[in-house]
Amino acid sequence: MINIARLVFNPLQENTYIVWDETLSAAVIDAGNSGERENRALENFIAERGLQPILALNTHGHFDHTMGVEFLRRRYGVRFALSSRDAFLLKTAGVSAELFGVRAGDMPEAVDIDLDGRTSIELGNTSLEIIATPGHTPGHVAFYHAASKALFTGDTLFRESIGRTDLPGGDYTWIMRSILDKIMPLGEEVKIYPGHGEESDLGHEALYNPFIVEVVNNEVRYE
């Protein structure tokens with residue numbers, strides 16, 4: 001089993017998840033921490049539990065999910081994992097952040113582990129399944145731990161909503177295919193940990209997510 005903690009960072013209220021197992025090896029999923037106060041909050045969390053960060057895992061490349069990667073790389077020497085299909089977003093992160101009134105700070109310039117085409121990644125004694133979920137961005141992925149029925153959906157699926165598809169590289173058809181063909185079949189008991197907002201489970205989303213319900217009821221076609 002894995003341990004999961006959530007810290008909410010930066011002006012966009014992004015969910016940063018710390019995941020670890022009994023080895024105390026840890027991954028930080030979508031490190032959105034920015035500024036001294038948030039960096040210290042993450043550092044203190046790690047220190048208080050004796051964790052050993054080894055990975056900065058990213059569901060996608062938007063600036064609000066990558067603002068803390070450089071801090072993790074410099075402080076702990078972690079490896080940065082992201083799909084190369086989203087690498088173009090790193091180059092424009094500073095400009096994108098300014099459009100939202102946010103100062104991005106130092107951003108990663110290169111990816112250490114390319115998640116494109118990979119099916120899993122290891123953390124201590126734990127293996128996380130990598131599921132390609134394009135739509136919000138071309139290289140978006142989700143991380144799934146079957147034994148814990150835990151799915152980190154990034155900005156693909158939120159509680160009763162879905163991610164934006166009007167940003168560069170976004171596509172509504174792709175995101176709906178990702179949700180309906182790859183995420184929902186995992187089962188109603190699977191708990192989702194989204195990039196923004198509160199946690200949910202797939203059973204709840206099948207009943208109350210309007211984007212899913214309207215397709216299932218043939219009110220909207222996504223192809």
Side-chain angles (χ1 to χ4, degrees), residues 1-9 14-33 38-61 65-86 108 110-133 139-157 178 182-195 198-203:
M1 301 296 285
I2 56 173
N3 302 284
I4 301 169
R6 178 182 68 153
L7 299 177
V8 181
F9 289 138
E14 182 267 351
N15 292 333
T16 293
Y17 296 100
I18 303 93
V19 178
W20 70 98
D21 66 11
E22 70 277 4
T23 69
L24 299 183
S25 294
V28 180
I29 298 178
D30 290 346
N33 48 297
E38 292 185 349
N39 290 345
R40 294 290 81 77
L42 178 56
E43 188 176 44
N44 289 340
F45 182 94
I46 290 169
E48 288 169 1
R49 290 156 183 81
L51 304 181
Q52 301 171 355
I54 61 171
L55 289 170
L57 293 180
N58 269 74
T59 59
H60 65 295
H65 294 253
T66 58
M67 294 170 75
V69 171
E70 275 304 291
F71 168 75
L72 289 170
R73 292 176 79 176
R74 294 171 183 174
R75 175 65 178 83
Y76 301 103
V78 304
R79 302 180 73 193
F80 174 39
L82 174 77
S83 169
S84 57
R85 293 177 181 268
D86 272 12
V111 176
D112 300 312
I113 302 174
D114 184 2
L115 299 182
D116 185 40
R118 287 187 65 131
T119 58
S120 65
I121 193 163
E122 281 62 50
L123 167 70
N125 292 332
T126 299
S127 179
L128 297 176
E129 181 182 349
I130 299 170
I131 303 173
T133 54
H140 201 296
V141 300
F143 301 110
Y144 181 49
H145 188 249
S148 303
K149 295 188 180 298
L151 180 70
F152 300 89
T153 56
D155 285 4
T156 293
L157 181 63
S178 294
K182 296 182 178 181
I183 292 178
M184 297 306 292
L186 294 175
E188 63 181 19
E189 295 181 357
V190 169
K191 189 170 185 177
I192 67 167
Y193 297 86
E198 297 302 314
E199 300 159 3
S200 185
D201 59 64
L202 296 184

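Computed from a predicted model, the values in this text were never measured in an experiment.
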Result of checking T66, T59, N15, T16 against D30 for side chain to side chain donor-acceptor pair (under 3.5 Å)
T59

E198 atom CD, neighbour heavy-atom count above 12 within 6.0 Å:
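No, not enclosed.
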
Rounded distance [0.5 Å steps], [atom1] in [X] versus [atom2] in [Y]:
| X | Y | atom1 | atom2 | value |
| --- | --- | --- | --- | --- |
| H60 | T156 | NE2 | OG1 | 8.0 Å |
| I121 | I130 | CD1 | CD1 | 5.0 Å |
| E70 | N39 | CD | CG | 11.5 Å |

Search all heavy atoms of [X] against all heavy atoms of [Y] and return the closest pair with its distance.
| X | Y | answer |
| --- | --- | --- |
| A5 | W20 | CB-CZ3, 4.0 Å |
| S83 | G139 | CB-O, 3.2 Å |
| L202 | I183 | CD1-O, 3.2 Å |
| G61 | D86 | N-OD2, 3.1 Å |
| E199 | P194 | CA-CD, 4.0 Å |
| N58 | V69 | OD1-CG2, 3.8 Å |

Show your working on side chain to side chain donor-acceptor pair (under 3.5 Å) between T23 and N125 and close with a plain yes or no.
CA-CA 7 Å; T23 69; N125 292 332; 5.4 Å; no

Assess whether side-chain contact (heavy atoms from CB on, under 4.5 Å) is satisfied between L55 and I113, documenting all intermediate values.
CA-CA 9 Å; L55 289 170; I113 302 174; 3.7 Å; yes

Quick one: does any side-chain atom of [X] pair with a main-chain N or O of [Y] as donor and acceptor, under 3.5 Å?
| X | Y | value |
| --- | --- | --- |
| K182 | T133 | no |
| D116 | S84 | no |
| H140 | D155 | yes |

Tell me, with the steps shown, if F9 and L42 meet side-chain contact (heavy atoms from CB on, under 4.5 Å).
CA-CA 10 Å; F9 289 138; L42 178 56; 4.2 Å; yes

Answer whether the closest heavy-atom distance between the side chains of V78 and V28 falls below 4.5 Å.
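No, their side chains stay 4.5 Å or more apart.
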
Hey, are S120 and E129 close enough side-chain-wise for a donor-acceptor pair under 3.5 Å?
no

Go through I131 and L151 one step at a time and tell me if the side-chain contact (heavy atoms from CB on, under 4.5 Å) criterion holds.
CA-CA 10 Å; I131 303 173; L151 180 70; 4.3 Å; yes

Working for side-chain contact (heavy atoms from CB on, under 4.5 Å), residues I46 and E43
CA-CA 5 Å; I46 290 169; E43 188 176 44; 5.8 Å; no

